[in-house]
Amino acid sequence: MDGIWFHAGVNPDTGVDEWYTDGEGSATTTTWSQANQVWQGESALPTLTAGLNLHIDAYGFFLDANGYYAGGHKVFEDWTRYTNGTDRFSLDLYNGVDALLDRWQEPGDIARFPKMEYTAKPWQNSNKFLYEGDFIRLRNLTFGYDFNQKITETIGIDGLRLFLRGTNLYTWVKDDRLKYDPETAADGFTSLTTPPVKSFIFGLNVKF
């Protein structure tokens, strides 16, 4: 992700993509191959990572939480050619996403995507699919109760705990255009793999 082509938007009169020839603010062209790759300014590696671990006990109840933050980096939507193309790649060969509804359809439209065409364009990567990678993920949250010793002795056991645990309950993503899992490998490319699954577990621990 060092060098990338800079997207200049969709021409509202013609509905075609335009590109900056030498980075943002330079001259524009409608021919992607005439534009140069330019350093986009940030790495795929986070400049800051942080973890959260919390434990609270009160009156037999307890709460455990842990989370993770990463930020100051960029991620790239790697499958855009197949899911965001306004041509046959998304129409016939693969499966276009609902973001394509924001496409140019008539003169005057201000749209993120160009007009739909029944063609097969070459791959045209650009910063249109480069996003701020900052995110916070609540990985685990557990709430439970430890029964006191008088109760456990009465029923003839050494300990009794009830708890409810949730995993991957919440993920905050800075860039709301990013629809895929923001937690990527070191290369910064998103994938179409299943994101971390949200789940709930009810547990009972009995100690004899």
| request: Apply the test side chain to side chain contact (heavy atoms under 4.5 Å, CB included) to residues Thr86 and Lys121: give CA-CA distance (whole Å), side-chain angles for both, the deciding distance (0.1 Å), then the verdict. | output: CA-CA 9 Å; Thr86 53; Lys121 300 175 184 177; 3.9 Å; yes
| To the nearest 0.5 Å, what is the distance between CZ (Phe135) and NE2 (His73)? | 6.5 Å
| field | Aromatic contact, Phe202 with Phe200 (centres under 6.0 Å) | value | no
| request: Using distance alone, with no hydrogens and no angle criterion, decide if Asn53 and His55 have a side-chain donor and acceptor under 3.5 Å apart. | output: no
| note | Correct closest heavy-atom pair for Pro114 and Asp17 would be CG-OD2, 3.2 Å
| task | Look up atom OG1 in Thr142 and atom CG in Leu164, then write down how far apart they are to the nearest 0.5 Å. | result | 8.0 Å
| From Val75, Ile136, Thr171, residue fulfilling side chain to side chain contact (heavy atoms under 4.5 Å, CB included) relative to Pro182 | Thr171
| Between the main-chain N or O of Glu106 and the side-chain N or O of Asp109, is there a donor-acceptor pair closer than 3.5 Å? | yes
| query | Does any donor atom in the side chain of Tyr82 or Asn95 lie under 3.5 Å from an acceptor atom in the other side chain? | reply | no
| message | Both conditions, 6.0 Å and 45 degrees, for the charged tip of Arg177 above the ring of Tyr131: are they met here? | response | no
| note | Residues Val10 and Arg112: closest non-hydrogen pair is CG2-O, 3.5 Å
| query | Out of curiosity, does Tyr94 fall in the hydrophobic cluster containing Trp123 (side-chain heavy atoms, cut-off under 4.5 Å, transitive links)? | reply | yes
| query | Taking everything shown except Gln105 itself, do over 12 heavy atoms lie less than 6.0 Å from its CD? | reply | yes
| request: Work out which heavy atom in Ala8 is nearest to a heavy atom in Thr28; give both atom names and the distance. | output: CB-CG2, 3.8 Å
| Side-chain heavy-atom pair Ile4, Phe76 within 4.5 angstrom cut-off | yes
| Do the side-chain N and O atoms of Asn127 and His7 include a donor-acceptor pair separated by under 3.5 angstrom? | no
| request: Could you state whether Leu48 and Leu52 fall into the same hydrophobic cluster, counting links through intermediate Ile, Leu, Val, Met, Phe, Trp or Tyr residues with side-chain heavy atoms under 4.5 angstrom apart? | output: no
| said: Checking Trp104 against Val16 for the side chain to side chain contact (heavy atoms under 4.5 Å, CB included) test, could you report, in this order, the C-alpha distance in whole Å, the side-chain angles of both residues, the deciding distance, and whether it holds? | reply: CA-CA 8 Å; Trp104 187 95; Val16 299; over 6 Å; no
| note | Exactly one candidate in Leu169, Ile201, Asn66 meets side chain to side chain contact (heavy atoms under 4.5 Å, CB included) with Asn140; the answer is Asn66
| request: With Arg161 as reference, evaluate Thr152, Asn205, Asp146 under the side chain to side chain donor-acceptor pair (under 3.5 Å) test and give the passing residue. | output: Asp146
| Flag, side chain of Thr29 to backbone of Thr21, donor-acceptor distance under 3.5 Å | no
| note | Looking only at heavy atoms, the pair that brings Gly71 and Asp134 closest together is CA-OD2, 3.3 Å
| Once you round to the nearest 0.5 Å, how far does NZ of Lys179 lie from OG1 of Thr83? | 12.5 Å
| In terms of hydrophobic clusters joined by side-chain contacts under 4.5 Å, are Trp32 and Tyr20 together? | no
| Roughly how far apart are Asn36 CG and Gln34 CD, rounded to 0.5 Å? | 10.0 Å
| field | Gap between atom CG of Asp181 and atom CG of Leu192 - 0.5 Å precision | value | 11.5 Å
| said: Determine whether a donor-acceptor pair (N or O, by modelled atom type, separation under 3.5 Å) exists between the side chain of Trp19 and the backbone of Thr31. | reply: no
| same_hphob_cluster(Ile157, Leu204) at 4.5 Å side-chain heavy-atom cutoff | yes
| request: Could you pull out the closest heavy-atom pair between Leu100 and Ser90, with the gap in Å? | output: CD1-CB, 4.1 Å
| Got more than 12 heavy atoms from elsewhere within 6.0 Å of CZ, Arg165? | no
| task | Indicate the atoms forming the closest heavy-atom contact of Asn168 with Val197, along with that distance. | result | ND2-O, 3.1 Å
| field | CG-CD distance between Asn11 and Glu18, expressed to the nearest 0.5 angstrom | value | 4.5 Å
| said: Closer than 3.5 angstrom, by distance alone: can the side chain of Asn148 be matched with the main-chain N or O of Ile151 as a donor-acceptor pair? | reply: yes
| Got a salt bridge between Asp175 and Lys74, using NZ or NE/NH1/NH2 to carboxylate O under 4.0 Å? | no
| task | Please answer: with hydrophobic residues joined when any side-chain heavy atoms are less than 4.5 Å apart, are Phe189 and Phe129 in the same cluster? | result | yes
| task | Report the C-alpha distance between Arg137 and Val173 in whole Å, list the side-chain angles of each, state the deciding distance to 0.1 Å, and finish with yes or no for side chain to side chain contact (heavy atoms under 4.5 Å, CB included). | result | CA-CA 9 Å; Arg137 171 162 285 152; Val173 181; over 6 Å; no
